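Reckoned from all heavy atoms, side chains included, excluding hydrogens, waters and symmetry mates. By convention here, the first residue in the shown sequence is residue 1. Worth saying up front: this structure is predicted, and the values here are computed from it rather than measured.
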Amino acid sequence: MDVNQPKQEHLLALKVMRLTKPTLFTNIPVTCEERDLPGDLFSILMKDDPSTVKGAETLMLGEMLTLPQNFGNIFLGETFSSYISVHNDSNQVVKDIQVKADLQTSSQRLNLSASSAVVAELKPDTCIDDVIHHEVKEIGTHILVCAVSYTTQTGEKMYFRKFFKFQVLKPLDVKTKFYNAETDEVFLEAQIQNITTSPMFMEKVSLEPSIMYNVSELNTVITNGDGSSTFGTKTYLQPLDTRQYLYCLKPKPEFAEKAGVIKGVTVIGKLDIVWKTNLGERGRLQTSQLQRMAPGYGDVRLSIETIPDTVRLEEPFDITCKITNCSERTMDLVLEMCNTNAIHWCGVSGRQLGKLHPSSSLHLTLTLLSSVQGLQSVSGLRLTDTFLKRTYEYDDIAQVCVVSSKLKAES
């Protein structure tokens, strides 16, 4: 693990130790029945074992803690802590001691020393101690470089370094998917997988939206006015387990009114993930800004603002439509309504809607009825721009459940 320079006779000794939380001591209980040859020998030995839990000696988990026996794994988002000690092993007084700790990553070199001040002197059998901390933000190879310089009693300047190499691993695998609703809403699904070898306590998984959106989490279930997590009361993520989080983003009113703003690639926001591992060691990850390609609506967008979920057979019902001019020119629109096998429009087809300026919208209330039961698609609307003689067709813009009048009355 150490890649050090050729050894020299130095008066000072440098020791570096990583600081981590201890682990709970585990043992392997050995039991047998009383009629077996050992009798109650194993039971007596386990009761006398100081590492077992009194009254529950057959549990593997004990009451004692174990200090780390090796360097261990370091994961992205965790805090790397290390104890640095420089000890005077000689019988001489050493002067002008300076200890410097740098962390070399694949992209930068960071100074982790709490202080760069020079210690005037260090007497025999005394030491200089320092604790460094660093939140790991890069994966791959890291090298901790510890350098010590000092002056001997004869005035000779001495200098030596030690290198400690370690790997930073990826703790989570995060995948995202976007789903566009019929309205301006966007649904984000985040799949988070624990790719470490130990369980995690998921303290927080939140979405920080960009300035264009408001976000609402869809990871709780409201029961009797109280919200409970869809993952239950235990928010542990076992190794290689995956959990899916869902968020709904809606454009802010000032952006939703401008049809030309939400086009092309838009920034949604970023995920903020906080977890804890054994004995509360904390880690945190933030993704880069999540982007999605906004759907193209052409020159004119027609969306449904309000529509009933269930309607009666052969009885009129109303829907509210929003027509938005997404182009950069003024349009003069005419609305035509074409009947289908199931959907019949009520009203005059070919009505003039007037001029619609760029990024402007208008709302229409339309009446229709269905002659067929079941789940029916609303289709048959046509918008014609009289300036360019161009017609825009809108089919399957919404769905409605049609039931018989008798069934509706009974319900």
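Remark: D395 engages R382 in a salt bridge, criterion side-chain N to carboxylate O under 4.0 Å. With salt bridges taken as basic N to acidic carboxylate O contacts below 4.0 Å, none links K21 and E281.
Residues R282 and W275 have side chains not in contact (no heavy-atom distance under 4.5 Å, counting atoms from C-beta outward). Between I397 and L302, the closest side-chain pair of non-hydrogen atoms falls below 4.5 Å. When side chains are defined from C-beta on, M158 counts as touching T152, because their heavy atoms get closer than 4.5 Å. Within the 4.5 Å cutoff, no side-chain heavy atoms of P209 are placed close to those of N214. The side-chain heavy atoms of L364 and T320, taken from C-beta on, include no pair separated by under 4.5 Å. Contact annotation: the side chain of Q244 approaches that of E189 to within less than 4.5 Å [non-hydrogen atoms, C-beta and beyond]. Between R312 and F317, every side-chain heavy-atom pair lies at or beyond the 4.5 Å cut-off. Put simply, the side chain of V403 does not reach to within 4.5 Å of the side chain of L313, judged on heavy atoms.
Between the S210 side chain and the V267 main chain, a donor and an acceptor come within less than 3.5 Å of each other. Using modelled atom types, one side-chain atom of T287 and one backbone atom of L271 make a donor-acceptor pair closer than 3.5 Å. No donor-acceptor pair under 3.5 Å is formed between the side chain of S229 and the backbone N or O of T220. A donor-acceptor contact shorter than 3.5 Å links the side chain of R243 to the backbone of Y236. With hydrogens and angles ignored, the 3.5 Å screen pairs no side-chain donor or acceptor of N219 with any backbone N or O of Y245. Under the 3.5 Å distance criterion, the side-chain polar atoms of S370 are matched with a main-chain donor or acceptor of V372. With T386 contributing its side chain and D332 its backbone, the two residues share a donor-acceptor pair below 3.5 Å. The closest donor-acceptor contact from the side chain of D89 to the backbone of D125 lies at 3.5 Å or more, if one exists at all.
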Show the numbers, then the answer: is there a side chain to side chain contact (heavy atoms under 4.5 Å, CB included) between I139 and L169?
-> CA-CA 6 Å; I139 60 175; L169 307 176; over 6 Å; no
Discussion item. Would S82 and L19 count as a side chain to side chain contact (heavy atoms under 4.5 Å, CB included) here? Give the steps.
Written reply: CA-CA 5 Å; S82 185; L19 299 179; 5.8 Å; no
Next on the checklist: Using side chain to side chain donor-acceptor pair (under 3.5 Å), reason through Y392 and D299 one step at a time and then give a plain yes or no.
Outcome noted: CA-CA 9 Å; Y392 304 91; D299 294 338; 3.1 Å; yes
Walk me through whether K322 and E305 qualify under salt bridge (Lys or Arg N to Asp or Glu O under 4.0 Å). CA-CA 6 Å; K322 180 181 179 182; E305 295 289 294; 5.0 Å; no
Show, in sequence, the C-alpha distance, side-chain angles and deciding distance for I195 and K170, and conclude whether the side chain to side chain contact (heavy atoms under 4.5 Å, CB included) test is met. CA-CA 8 Å; I195 56 177; K170 185 179 177 182; 4.0 Å; yes
Assess whether side chain to side chain donor-acceptor pair (under 3.5 Å) is satisfied between T277 and S198, documenting all intermediate values. CA-CA 8 Å; T277 55; S198 59; 5.9 Å; no
Q.
Quick one, E138 with S107, criterion side chain to side chain donor-acceptor pair (under 3.5 Å). Give me CA distance, side-chain angles, the key distance, then yes/no.
A. CA-CA 9 Å; E138 296 182 42; S107 62; 2.7 Å; yes
Under the side chain to side chain donor-acceptor pair (under 3.5 Å) criterion, do Q376 and Q399 qualify, and how do the steps go? CA-CA 6 Å; Q376 304 299 332; Q399 290 182 326; over 6 Å; no
Using side chain to side chain contact (heavy atoms under 4.5 Å, CB included), reason through I319 and L368 one step at a time and then give a plain yes or no. CA-CA 8 Å; I319 65 172; L368 61 159; 3.9 Å; yes
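Shown here is I211, whose CD1 atom has no more than 12 heavy atoms of other residues, nucleotides or ligands within 6.0 Å.
When all heavy atoms of S113 and D130 are compared, the pair lying nearest together is CA-OD2, 4.3 Å. R284 approaches Q286 most closely through the heavy-atom pair NH2-NE2, 3.3 Å. Considering every non-hydrogen atom in both L110 and H134, the closest pair reads CD1-CE1, 3.2 Å. Taking every heavy atom of both residues into account, L12 and V94 meet most closely at CD2-CG2, 4.0 Å. Residues C146 and V16 come closest through the heavy atom pair SG-CG2, 3.8 Å. In terms of heavy atoms, F178 sits closest to Q291 at CE1-O, 3.4 Å.
Sorted by first and then second residue, the salt bridge (Lys or Arg N to Asp or Glu O under 4.0 Å) pairs involving residues 101-112 (not counting sequence neighbours) are K100-D102, D102-R109.
Interatomic distance, OG1 of T391 versus CD of E393, reported as 7.5 Å (0.5 Å rounding). Interatomic distance, CG of N325 versus CG of D385, reported as 8.5 Å (0.5 Å rounding). If you take CG on L246 and CG on L188, they are separated by 7.5 Å, rounding to the nearest 0.5 Å. I343 contributes atom CD1, which lies 8.0 Å from atom CG of L369 (distance to the nearest 0.5 angstrom). The distance from the OG atom of S327 to the CZ atom of R301 is 14.5 Å, given to the nearest 0.5 Å. To the nearest 0.5 angstrom, F187 atom CZ is 6.5 Å from L218 atom CG.
Between the side chains of D129 and S85, at least one donor-acceptor pair of N or O atoms lies under 3.5 Å. For the residue pair D396 and S379, a side-chain donor N or O sits within less than 3.5 Å of a side-chain acceptor on the partner.
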Can you give me every donor-acceptor pair (side chain of residues 200-207, partner residue at least two apart or in another chain, under 3.5 Å) with its distance?
unit_1: E203; atom_1: OE1; unit_2: K276; atom_2: NZ; d: 3.3
unit_1: K204; atom_1: NZ; unit_2: D272; atom_2: OD2; d: 3.0

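Taking the six-membered ring where tryptophan is involved, the planes of F166 and H142 are essentially parallel, since the angle between them stays under 30° and well short of 60°.
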